[in-house]
> 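One structure coming up, written as structure tokens, with questions to follow.
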Amino acid sequence: MKFSWQWIKELINLPDITLEESIKKLTLAGFEIETINNKKDINDTTVELNITANRSDAASIIGITRELQTIFKTSKNTSVNTNTKIQTKDTKFHTINLDKSQFTNKNLSDIKITIIKNINLQNSPEWLINKLKGCEITQKDTLSNISKYINIKWGQDIEIFDLDQIDKKKFQEAAISIRHVNIKEDTKPIIISDENTNNFIESLTYKNSIISLLGIKSNSEFYCNGNTSSIIIFGHICKPQYIKNTTQILKYKTEKSQKHIKGLSRNDFIKAYDETLNLISELTNTCIDNYSKYIWHQQNTQLTNILINTKKIQYILGTINQERNLNTEEIIDILRKLNFEPKQCQNLVKVNIPEYRKYDIKREIDIIEEIGRIYGFNHFIDKLPQKHKQGNISKVNILIRKIRHILQQLGLHEITHYSLNNINNEHNKFYISIHNPLQEDQKYLRNYLLYNLLNTLKYNKKQKNIFMECFEIGKTFQQQKSKNNKKQIYYEEKIHIAGIIGKNNFSRRLWSEQGKTLSWFQAKGLIETLFEQIHAEVEWINYKSNSVIILKSHENIINMCHPYKFAILTNTIHKTTIGIFGELNNKYSKEINQNCKNYIFELDIIELMKTIHIKKHLSYIFTKYSLYPSVTRNICLKLNKNITAESIKEILISHNKLLIESIHIIDEYYANNYKQESRNINYKIIYRSLNKTLNDNDINEIDSKLNQVIKYINTTIS
């Protein structure tokens, strides 16, 4: 924003302080200087300042004056000059009965309306023109200049409309109202929205005409000109959340809406409106016969009180150049300059945040920042303390480095994505949305990694790049419900690892043969290689098991998998879910690679870490090794597909533990297709005795018992 230096000097006592020194102090206080222009014709200097988004209170002459007042320890009052009063002659005061919508109290904080008729409009005085020139503001008629003057001085939008432009016949005060207007039904819309839905906005209306969409935009057809004789002075403050919601729905922003979103000072609004009335009375030289008023103020909320410890201030800000901390007296003095009304009790200080700073001072750290800013950050030592001890690497980071190294050795490429996801994600109902995203396409925090990996491979396919087996290690964010109170929601940050593997020429028996695609067992073997090298004990469980808890983020991954080819990875001891492994379904597989099967996995690294058990001592159990030959039997069982092969293996071996040395699962196949309710499992059973060579009688006895078990399985379990 551009400010007149002479105007600022009039409001604050700066006798011995130069413009250069003021600029230096403002820069150190966090206000960046853009340009400085000398106006020799009016003996003034225009200073352009870059006001940060959180300091809307400083976006006016009064706001900058308050800052300089604090920095240079001056005490001149910056309140409005109330010596000029409205000139009246046999004044007839009328109270306007304004109709309001049922939403007004929720959306508005302040409204002031004044109607003045029969004014004597004159040219703008030289002092007013020079002040506007000093701020590089274009001048028009006197009433428009007054409105611009109040805007730049107080940062408030006090608008003046021409009554004759609103109603060319006879203006009727009773026809003024504030209504919840549907802008789609307006014959002469002030703004045009691309949205098809009905949009109701709080509006100042006269009969069927919209004078102003509150906090958004006003009707330019009703602005004043050089021939204006009767006016309506309108001021208002909308609640920031209402304007924010409205602009998001309309997808329409203005300079006025941005000011209301950042927050306007309600105390300054009253002063600005009073000065507007005084200036109109003075500069139009009008002796008002009668005027009408409407005033409505929502009760001010209680000022924010924050309790802060002086020792914490000293700890965070550190030492100053003289190698000492700020003492309590200096802290209290700075807080008084900031109008924070400090009250000390031992090491604690209670501060009351003034109304015009309530939008940017909300936490203890905000007050500490203000103290450092006003005292001057350049006075504090900015060197980091020397540390002679070596930094510690956490166990999680050590594990991540190890996993990264193993996966790279297995041929996977690492990819990194943003933690923010696109709003077009079809599963975004499970995502955590950000209240103030920098961009609309980065509105949600991701709760799993595979979505971004698939998008990257899809993009590479469009660019005709080869399929890239890849993985990513990154943070995910989940929304959880409290166990004690299901209505209470908290947010949890986790570290995940996800990957996609699959090639159409993954393995070949001979160099002369064509490569074959990656099978389920080969892909599973790669993941088990990872688990083996990090000493993790992981159990593969069917997703239909009742002991498995499926999270919402797991559901997203399961939806990407083949409906019959995926497994839940769990902790062997606690049975907690670690992650998902499965074959990518046809829909997603075609999007990234049409020629081969692809496999995906996503694991929670913290849960995976709990499965690692590294033996730091020799705790082996020695058993006698049999010196006698073994006998092998191969059997095939027809089992229901819901029965695990591992559970049948345990039943078989439990009936003769002494003579059955081991049982191995060789193969699994369906007679026609995988949709059948049953499938065939091949087992390899090895007989061996520790004491003797098995003869025919021994083998027949084992076979007989085994046949009985098989009959039991076929009739009862399968």
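The first residue of the sequence shown is numbered 1, and numbering continues consecutively from there.
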> Take atom NZ of Lys25 as the centre, draw a 6.0 Å sphere, and report whether it contains more than 12 heavy atoms from other residues, nucleotides or ligands.
no
> Going by distance alone, is a donor N or O of one side chain under 3.5 Å from an acceptor N or O of the other, for Tyr223 and Ser218?
no
> Does the side chain of Ser212 come under 3.5 Å of the side chain of Asn219 through a donor N or O and an acceptor N or O?
no
> Indicate yes or no: does Asp268 engage Arg66 in a salt bridge with an N to O separation below 4.0 Å.
yes
> Examine Lys112 relative to Trp296 and say whether NZ or CZ is less than 6.0 Å from the centre of the six-membered ring and inside a 45° cone about the ring axis.
no
> Measure from the side-chain N and O atoms of Thr228 to the backbone N and O of Asp162, and report whether any donor-acceptor pair falls under 3.5 Å.
no
> Do Glu355 and Ser265 get their side chains close enough for a donor-acceptor pair, meaning under 3.5 Å?
yes
> Quick one about Ser124 and Lys140 (side-chain donor to acceptor, distance below 3.5 Å, no hydrogens or angles considered), yes or no?
no
> Hey, are Arg357 and Asp360 close enough for a salt bridge, meaning a charged N less than 4.0 Å from a carboxylate O?
yes
> Is a salt bridge present between Lys24 and Glu21, judged by a nitrogen-to-oxygen distance below 4.0 Å?
no
> Run the salt-bridge test on Glu34 and Lys2 with the 4.0 Å N-O cut-off and return the result as yes or no.
no
> Could you tell me whether Asp110 and Lys239 have a side-chain N and a carboxylate O separated by less than 4.0 Å?
no
> Asn105: what forms a side-chain hydrogen bond (donor to acceptor under 3.5 Å, both in side chains) with it, not counting sequence neighbours?
none
> Checking Tyr356 against Asn339: is there a side-chain donor and acceptor pair closer than 3.5 Å?
yes
> Heavy atoms only: give me the nearest Leu108-Cys238 pair and the separation to one decimal.
CD2-SG, 3.3 Å
> Is a salt bridge present between Asp157 and Lys259, judged by a nitrogen-to-oxygen distance below 4.0 Å?
yes
> Hey, does the side chain of Gln122 reach the backbone of Asn120 with a donor-acceptor pair shorter than 3.5 angstrom?
no
> Specify whether Phe269 and His297 have parallel, tilted or perpendicular ring planes, treating 30° as the upper limit for parallel and 60° as the lower limit for perpendicular.
perpendicular
> How long is the gap from CD1 on Ile367 to CD1 on Ile334, to the nearest 0.5 Å?
13.0 Å
> Between Lys153 and Ser60, what is the shortest heavy-atom contact and its length?
O-CB, 3.3 Å
> Would you indicate whether the side-chain heavy atoms of Val181 and Ile201 approach each other to under 4.5 Å?
no
> If only side-chain N and O atoms count, and only distance matters, is there a donor-acceptor pair under 3.5 Å linking Ser203 with Arg179?
no
> If only atom types and distance count, is the side chain of Asp44 paired as donor or acceptor with the main-chain N or O of Gln6 below 3.5 Å?
yes
> For the residue pair Ser147 and Glu159, confirm or rule out a side-chain donor-acceptor distance under 3.5 Å.
no
> Is there a donor in the side chain of Thr142 and an acceptor in the side chain of Asn145, or the other way round, less than 3.5 Å apart?
no
> Let me know which of Ile178, Ile295, Thr104 forms a side-chain contact (heavy atoms from CB on, under 4.5 Å) with Leu98.
Ile178
> If you define the side chain from C-beta out and look only at heavy atoms, does anything of Ile280 sit under 4.5 Å from Ile160?
yes
> Going by atom types alone, do Glu282 and Asn278 pair a side-chain donor with an acceptor below 3.5 Å?
no
> Salt bridge check: are Asp366 and Arg363 linked by an N-O gap of less than 4.0 Å?
yes
> Decide salt bridge (Lys or Arg N to Asp or Glu O under 4.0 Å) for Glu67 and Arg373; before the verdict, give the C-alpha distance in whole Å, the side-chain angles of both, and the deciding distance to 0.1 Å.
CA-CA 11 Å; Glu67 282 298 315; Arg373 188 176 66 84; 3.0 Å; yes
> Do Glu136 and Asn37 have a side chain donor and acceptor closer than 3.5 Å?
yes
> Under 4.0 Å between a side-chain nitrogen and a carboxylate oxygen: does that hold for Lys131 and Glu10?
yes
> Closer than 4.0 angstrom, basic N to acidic O: yes or no for Lys262 and Asp57?
no
> Just checking, any donor-acceptor pair under 3.5 angstrom between side chains of Asn54 and Tyr359?
no
> If you count every heavy atom of other residues, nucleotides or ligands that lies below 6.0 Å from Lys40 atom NZ, does the total exceed 12?
no
> With a sphere of 6.0 Å drawn around NZ of Lys133, does it hold more than 12 non-hydrogen atoms of other residues, nucleotides or ligands?
no
